[in-house]
Structures are given as C-alpha cells and as structure tokens.
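This is the structure, below, for whatever I ask next.
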Amino acid sequence: MSGPRDRLRAASRDARAGLRSVARIARWETSRSAGVVDRRTAILGLVALLMAGAVGGAAMATGGVALDRDVYRIGVAADSPYSEVVDGSSALAARPPDLDRLGRDVDVVVREERFYVADSQKARAALSTFRDAVRRHNLGQMREEGNQSAAFPVVVTLRYAERVPDSAVTAGSGSGTGASTGSESDTDTGSADATDGDGTGPETDDSGADTGGVGVDGESTGDGPLGVPGIGGVGGLLGGGGASGSPADISPPFPFGALVLAFIFFIPMNFVIQPYGSSILNERINRRGELLLVAPVSPSAIVAGKTLPYLGLLVGITTLVALAIGAGPVGVAAVVPIATLYLAATFVGGMFARSFKELTFVTVSISVFLTSYAFIPAIFTNVTPIALISPLTLVVHDLQGTGVTAAEYVFSTGPFYVGSAVLFLLGVGVYREEDMFTQRPVPLKFLDALNSRITGLKSVAVLSALAIPFVFIAELLAIAVLFVLPVEVSVPLLLVAVAAVEEVAKSVHLYAGFRGPFAGRRGWQTALALGALSGLGFFLGEKLTAIVQLVGLPNLTLGRAAFSSAGVAATPAVGLLLLLAPLVLHATTTSIASLGAARDRTWYLAALVPAIAVHAAYNLAVVSVLG
C-alpha cells in the first residue's frame, strides 16, 4: 500500500509545483505585457474609449444611428396628416410639396390626398418605404385606442415548431400540413379583418400607401434605438420563439437584433489576440525565449502560463459584455470556447510565423475564418439545425430566452474545445530550441509539429482521431455554405468536399512521418500498415459524430449526405449496417494515399486523387441507398 500512496503523493507534489510555475509565468507575462504599453499610449486609448462612449451615448440619446437616415425625400406640407409619418421615420426626409421638383430633389409628393411618384427605381422604393411608415403609424395609433377589442377584432398567436423530417411528411399527414395551413390562413384572414375593419382612419388611395388609421406595436417593424428593425413580432428585438398580437405584427423568425448583439463578443477577441501573438513571436526573435527553455519548467507549463492572462482577460470581457447586452451564463459558456480557439490558433500562428508580417496575415486569416464560421450559420437559428454548428447560435438562443439542451451545447462547442486542445498540443510540440529559433517556411513548421507527436505506430492512429474536430468543422461549414444551393447540385459537391477533407486529414501526418520517424522505412508494407492504422484511428474518432443524431442534422438532405458515410444514419438499424463499412473504406483509401506519401510530395498529391475518388464513390453509393 505504501507504493501507490507514495506515487500519489509525488504526483500531487508535481501538480502543485506545476501550478506554481504556471502562476509565476502568468504573473511575469502580465507584468511584461502591461509594461509594453507606455503611459502616453494608455492615455490615448482611454481618450479613444471615452470618445467612442460619448458618441455612442449621444447617438442613443438622439434616437440611435440609422444607416438609412434621410435616404428618401417626401414632399409633404407641414399641416398634412402625413407630415407626422415622415417625421417619425428615419429613412424619410420632409421637403416642400413642389411638383416641379419631382424627380430631382423629391421622390414622392403628397398634395390634396394624392400621391405623385417620380419615374425612377429610387422613387418606387421611396413609395414602398413610405407605405410601410404609414402602416407603422397606423398601428401605433391603434395601440393607443382605449377599446383594444374594437381596434383589433382579430388577435393571432403564432408559435414556431421544429421542422419535421422530410420522411415524416406524407400526403395524408394531418398534423404537419394542417398546422402550416392553419397558421397561414389565420394570419391572412386576420390581416384582412384588421385592415378592413378599421373605420377610424383615412383610406388607402390608388398608390397603395395607407393614408392614416390605427395599429399595434410599431416596434415590431419599426426602427429601434440603433436603427435596427425589431423583427420577430411583439416579442421585440430579443423575443422568443413565437409571437402574439395583431396579424400585422406577425413576421418571420429572423433573429437579426440578437445576432447584432452577439457579434459584440467578437470585437475584443480580435484585439486581444494581437498582443498574444506578438508575445509568442517575441520569444523567438533574437532568442529571447531561451531563458525559459533552460528553466526547470516543462514547455506545456510555459505555454499555459503565457496564455492564462489573455484567456482570463477574454473571459472577463465576455462576462461584462454579457451583462451589458442581457445574456446569461449560457451565453458566456458558449463564447469561452470561441475565445479559446482564437488563442490556440494564434499560438500556433506565432510558433509557425517567421516575421510579424506573416503573423499579421495569420491573425487576420484566423479572425476572418472563425468569425465567418460562427456568424453565418447563426443566421439560420430559427430555421434549421445547421445553425447549431456555431456556438454563436447558443448566444442567440440565450438572448431570445429559449432553452439550450446539453446535447446542443456539446454539439456546438465540442469541436472548438477539442480543436483548441489539439492546436495547443501541436504548438507545444515545436516549443523547443531547434524549431523556435530557426527560419523555416510555415508548411515545414507544420510538418515538424506533426512529427513531434509521432512516437510510434500507436501515435499514427491517435493523430488521425485528433483530426476529427477539424474535419467536423470543415464538413459542417461546407454544409452551411452549400445549404442554399439546389439539392441536385449541393449533394455531389458536398460528397467530393467531404472525401477531400477526410483523405487529407487521414494522410497528411503520414506524409510528415515519412520525412521524420519513418524516413528509413518507406517500403510498401510499412505504407500499408500505417495507412490501415490511420484509417482505424479515424474510424474510431469518427463515431463521435453520432452526436449529430441528437440535434436533428440527419433530418436534412445535406446532413444525411455528409454523415451517413460515417455510420450516422437516420435510423439505428441503418447505422448498425454501416458500422463496419467505413472502417474498410478508411483503411483502403488511406493506404492508397500512404503509398504515395512514402515516396515524395508529387506522388502523395497524385495518390490523393484516386483515394478521394474511391471515397466520393462510396459516399454517393451510401447516399443513393439511403435516399
């Protein structure tokens, strides 16, 4: 009993010593980073923040910043009932009702209850905007009516339900089509009743513009404090998954306002990664980091200590932003993995870059890619499960007040957490003298990072499994990009893209290994053995993608096309039949690529072509069988 107890005590002492080392390096990094910013720079930054706050506060106090302010000019008299409508819309500007200026300085003229529209596309857009402004004004006046039942004889309550799978909708399905038809008919009928039943406001003339009347909740389609349309019904800018009120209030579930607020989280990330990447690269210039390398501290402890202050800063800023925009713990928990991946990718970029110019290119690329990956899918938050590939979707749900399940959180953030760990692992692998202080191209540094983790045959399978998060992210991004195309076009493109991504992920470390640990063993037997092991590791890691079942992604055509070849199918029975087929596929195609990787780069790229072709053909066959 004394042996295990002594080992446990020794492990505990080592852990405490490691934590003390990490804390010491974190304090040193904090003081060093703070010392880089001189007093003048700090004062200028504070002044800039104060000016930005003053401008923002003034904009809020004066009604917000509207990008379309005074775009259209309406000729209307001051005593006209339409004058108040024009003054209440940021997009409209009042001008004297002079018909001689129509088409030059004025787009629409209102005179004697008649509308005169210039013959131009802008004038027609001005008329449409004017009509919407009149409608909002009518609804606002109707809201002030004392007898709401008379003002709104029809009230519609609309709740958004999850989309049922295509296979579940049949010709005799009463629930699926009935709900949709009923919702649409209620909305149409209600709109007609609410409009026709309005006996207190002026009528609509030939131009189609409403000329007065009553209404509900101008905030539903009106301009908010930031000039952003409050889309989503009377639930407001951050409303939930439904709406209730006048039929005129019902609008499609597009979380525009919540997306704008959620995007605020990304602004500080782009600033924090700049000093972090510079700190990493500074250690490699003129051998400044050599003192840390010779210290009795492991490279992982050094990296953890240098990263911890920046991660803590991002978590703190994220918490403050969440409090400011009304997000809760779910929003913070969803943004933390994004911040972690930002730092991990910047760390790898700092270790690979040879100059600050290359580092700038890397950080800009990271910012553009991760921001696009997080923001674009979140646009479909209320439409399709595809949106859940982005953690930003969880923030939108949090702002809207809708719930988030544990499976959805793992699905959205899991690739970010695992991907961050893998990137830090690769970066730590080259945190050594022979790689830090040498000027090698970025691709060669990447191969060195892979070689640092190849210690034997088992590590080949492990690296393939660790590539799954990046494959997962790339495939989900491909689904989001191809989602808008017709199925007959998007599915073949997706099958080829999935095959290409997976074959490169399974074989690139083999190409690195044949220029490192396996340089002396380039025979076909070794190539086939390594290819089979890499395929096995990828197969085992690929089973983790079964979590897509829990968020409904296989219910979509592209979801089935992307993940059915991995043994993830719409039914457990089909998934069981496909369990072993991917193992044979991955072992075969990776072996083909491995044979080329064992020779040189040209042969490796040439061998990828038949490997991708076989993989794509298999995917097409599986998708054809599954329908």
Side-chain angles (χ1 to χ4, degrees), residues 59 62-145 151 188 191-231 233 237 246-252 254 256-257:
T62 57
V65 178
L67 300 180
D68 59 348
R69 185 176 298 278
D70 297 343
V71 172
Y72 305 115
R73 296 174 291 274
I74 308 298
V76 59
D79 58 349
S80 172
Y82 297 101
S83 178
E84 185 178 352
V85 175
V86 175
D87 293 338
S89 175
S90 63
L92 304 178
R95 295 289 187 271
D98 187 357
L99 289 177
D100 295 335
R101 301 171 61 184
L102 183 65
R104 294 181 297 158
D105 300 329
V106 180
D107 301 311
V108 178
V109 174
V110 182
R111 292 186 62 177
E112 299 177 354
E113 301 299 325
R114 294 184 61 84
F115 294 84
Y116 301 89
V117 184
D119 186 15
S120 66
Q121 185 175 358
K122 180 183 177 183
R124 288 187 287 272
L127 179 63
S128 177
T129 303
F130 188 32
R131 182 186 298 114
D132 293 337
V134 172
R135 185 177 296 112
R136 291 196 300 270
H137 179 73
N138 294 345
L139 294 175
Q141 288 188 343
M142 186 174 286
R143 168 71 75 174
E144 299 175 358
E145 289 290 328
D188 294 339
S191 298
D193 293 344
T195 304
D196 297 339
D198 172 18
T200 61
E203 298 295 327
T204 303
D205 68 356
D206 295 339
S207 69
D210 299 326
T211 59
V214 287
V216 172
D217 194 8
E219 294 178 3
S220 175
T221 56
D223 294 337
L226 296 176
V228 176
I231 302 175
L237 190 64
S246 164
D249 289 328
I250 305 302
S251 56
F254 182 70
F256 185 82

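Position 1 is the first residue of the sequence; numbering continues from there. As a basis for the values below, the full set of heavy atoms in this structure was taken, side chains included, without hydrogen atoms, waters or symmetry mates.
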How close do Val108 and Ala123 get, heavy atom to heavy atom, and via which atoms?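 Looking at all heavy atoms of both residues, the shortest contact is CG2-O, 4.0 Å.
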Report the distance from atom CZ of Arg111 to atom CG of Asp98, rounding to the nearest 0.5 Å.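 The distance works out to 7.5 Å.
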Is it true that a side-chain atom of Arg101 and a backbone atom of Val106 form a donor plus acceptor pair closer than 3.5 Å?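 Such a contact is absent between Arg101 side chain and Val106 backbone.
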Nearest atoms (heavy-atom pairs only) where Val76 meets Ser83: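 Here Val76 and Ser83 meet closest at CG2-N, 3.8 Å.
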Looking only at non-hydrogen atoms, find the nearest pair between Leu102 and Tyr116 and report the distance.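 Distance-wise, the nearest heavy atoms are CD1-O, 3.7 Å.
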Working for side chain to side chain contact (heavy atoms under 4.5 Å, CB included), residues Arg131 and Val134: CA-CA 5 Å; Arg131 182 186 298 114; Val134 172; 5.8 Å; no
Shortest non-hydrogen separation from Asp132 to Arg135 and the atoms involved: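 Smallest interatomic distance, heavy atoms only, reads OD1-NH1, 3.0 Å.
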Nearest 0.5 angstrom please: Asp107 CG to Leu92 CG, how far?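 That separation rounds to 9.5 Å.
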Once rounded to the nearest 0.5 Å, what's the spacing between atom CZ of Arg73 and atom NZ of Lys122?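 It is 4.0 Å, given to the nearest 0.5 Å.
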Under the side chain to side chain contact (heavy atoms under 4.5 Å, CB included) rule, what do Val86 and Phe130 come out as? Steps first, then yes or no, please. CA-CA 8 Å; Val86 175; Phe130 188 32; 3.9 Å; yes
Can you name the nearest heavy-atom pair linking Pro97 to Ala77, along with the distance?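 Closest pair (atom of Pro97, atom of Ala77, distance): CG-N, 3.8 Å.
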